[in-house]
Amino acid sequence: MRRTSMTRAPAQSRAPVRYGAALWARKLAAVVLILGVWVESAAAEVRLLAFGDSLVQGYGLPAEEGFVPQLSAWLAANGASDVDVINGGVSGDTTAGGLARISWALSETPDAVIVELGANDMLRGLPLDELRSNLDGILSIIAAENLPVLLVSVPSIANYGPDYEAEYREIYADLADTYGALFYPNFFAGITEGRTLQEAQALMQPDGIHPNADGVRANVELIGPSVLELVTRARS
């Protein structure tokens with residue numbers, strides 16, 4: 001009877017140890033799994049800097065209806081919900097202003113950059129050689145960080161004449177080619193393409209320069225695929 005008692009006691013004392021170790025292992029595995037999912041999710045996020053003037057900043061619109069929040073919503077609805085779009089727009093900014101602040105803007109550590117500048121240079125009649133030089137400087141600083149870029153232009157003013165228009169358009173195409181950037185030649189394409197003048201005007205604010213909320217939505221829908229391509233470059 002003593003032998004029976006002695007053989008049972010160790011079996012009873014070992015069972016809780018085995019159960020406790022198994023429970024601890026399961027908890028540890030769950031924690032590792034949760035941490036792994038969190039780390040993978042955090043690593044997958046793409047930070048996208050939208051760098052530009054009032055068209056990016058969202059002039060005249062409620063905060064939720066500007067270009068950046070509407071682009072964020074479009075990306076989320078089109079398979080890129082992990083993209084964090086940073087609003088780097090400054091109303092009234094020229095290419096010179098952009099050149100002065102691009103290094104500071106890059107302190108946000110983006111993975112890719114949209115550059116939309118030059119409209120205010122054109123509206124103020126600033127020399128095109130200065131526009132080219134400033135844009136070149138901006139793209140050079142971004143290239144030094146090895147970041148993919150989507151360069152965005154707006155149409156030139158018709159009353160400047162065909163020579164101005166051709167040179168203006170050529171600046172953006174040349175610089176996009178030089179820096180291997182994606183190029184989107186008409187920020188307003190969503191408003192103007194396939195619409196009558198009256199229909200396009202209905203998508204603009206009363207100043208005739210800035211899109212209203214519906215106009216922003218139309219622009220975002222057309223530029224969205226180019227932004228998705230930029231995001232793809234950032235991920236690779």
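- A perpendicular orientation is assigned to the rings of Tyr164 and Tyr160, their planes being inclined by more than 60° (bins at 30° and 60°).
- Residues Phe183 and Leu175 are not in side-chain contact: their nearest non-hydrogen atoms beyond the backbone lie 4.5 Å or more apart.
- For the pair Thr196 (side chain) and Glu199 (backbone), a donor-acceptor distance under 3.5 Å is present.
- Checked for salt-bridge contact, Arg169 and Glu165 meet the test: a charged N lies under 4.0 Å from a carboxylate O.
- Under 3.5 Å, the side chains of Asn120 and Thr94 contain no donor-acceptor pair of N or O atoms.
- A salt bridge between Arg132 and Asp129 is absent, with no side-chain N of the basic residue lying under 4.0 Å from a carboxylate O of the acidic one.
- Using a cutoff of 4.0 Å between basic side-chain nitrogens and carboxylate oxygens, Asp111 and Arg235 are not scored as salt-bridged.
- A 4.5 Å side-chain heavy-atom check between Phe188 and Pro155 finds at least one atom pair inside the cut-off.
- Glu145 places no side-chain N or O within 3.5 Å of a backbone atom of Ile142 that could act as its donor or acceptor partner.
- Hydrophobic clustering (side-chain heavy atoms under 4.5 Å, transitive across Ile, Leu, Val, Met, Phe, Trp, Tyr) keeps Leu139 apart from Val90.
- Ser140 contributes atom OG, which lies 11.0 Å from atom CD1 of Ile102 (distance to the nearest 0.5 angstrom).
- Checked by atom type and distance alone, the side chain of Arg195 pairs as donor or acceptor with a backbone atom of Gly190 at under 3.5 Å.
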| query | What's the verdict on side chain to side chain contact (heavy atoms under 4.5 Å, CB included) for Arg47 and Ile86, showing C-alpha distance, side-chain angles and the deciding distance? | reply | CA-CA 7 Å; Arg47 290 172 60 80; Ile86 304 163; 3.4 Å; yes

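- Aromatic ring pairs are classed by plane angle as parallel below 30°, tilted from 30° to 60° and perpendicular above 60°; the pair Phe187 and Phe67 is tilted.
- Using a 4.5 Å heavy-atom threshold, the side chains of Leu48 and Pro110 count as separate.
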| request: List the steps and the verdict of side chain to side chain contact (heavy atoms under 4.5 Å, CB included) for Leu182 and Val149. | output: CA-CA 6 Å; Leu182 297 169; Val149 173; over 6 Å; no

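- Residues Tyr59 and Asp53 bring no donor and acceptor atom of their side chains to less than 3.5 Å of each other.
- Linking ILVMFWY residues whenever their side-chain heavy atoms come closer than 4.5 Å, directly or via other members, places Leu131 and Val152 in the same cluster.
- Within the 3.5 Å criterion, the main-chain N or O of Asp136 finds a donor-acceptor partner in the side chain of Tyr179.
- Two residues are said to be in side-chain contact when any heavy atoms from C-beta on lie closer than 4.5 Å; Asp207 and His210 meet this criterion.
- Exactly one of Leu222, Leu151, Ile114 qualifies for a side chain to side chain contact (heavy atoms under 4.5 Å, CB included) with Tyr184. That residue is Leu222.
- Judged purely by atom type and a 3.5 angstrom limit, Asp163 has no side-chain atom pairing as donor or acceptor with the backbone of Ala166.
- Of the possible polar contacts, none joining the Ser81 side chain to the Ala77 backbone as a donor-acceptor pair under 3.5 Å is found.
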| Given the rule in the side chain to side chain contact (heavy atoms under 4.5 Å, CB included) test, do Glu65 and Gln70 qualify, once you have shown the distances and angles that lead to the verdict? | CA-CA 6 Å; Glu65 294 183 346; Gln70 290 212 45; 4.3 Å; yes

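- Under a cut-off of 6.0 angstrom, the local environment of CG in Asn159 is crowded, with over 12 non-hydrogen atoms contributed by other residues, nucleotides or ligands.
- Using modelled atom types, one side-chain atom of Tyr168 and one backbone atom of Val154 make a donor-acceptor pair closer than 3.5 Å.
- Closest approach of Leu75 to Val85, counting heavy atoms only: CD1-CG2, 3.9 Å.
- A distance of 11.0 Å separates CG of Leu71 from CG of Asn219, quoted to the nearest 0.5 Å.
- Distance check, rounded to the nearest 0.5 Å: OG of Ser156 to CG of Asp121 gives 13.0 Å.
- No donor-acceptor pair closer than 3.5 Å links the side chain of Asp177 to the backbone N or O of Ala173.
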| task | Walk me through it: do Arg101 and Asp93 pass the test side chain to side chain contact (heavy atoms under 4.5 Å, CB included)? | result | CA-CA 10 Å; Arg101 66 185 179 91; Asp93 208 8; 2.6 Å; yes

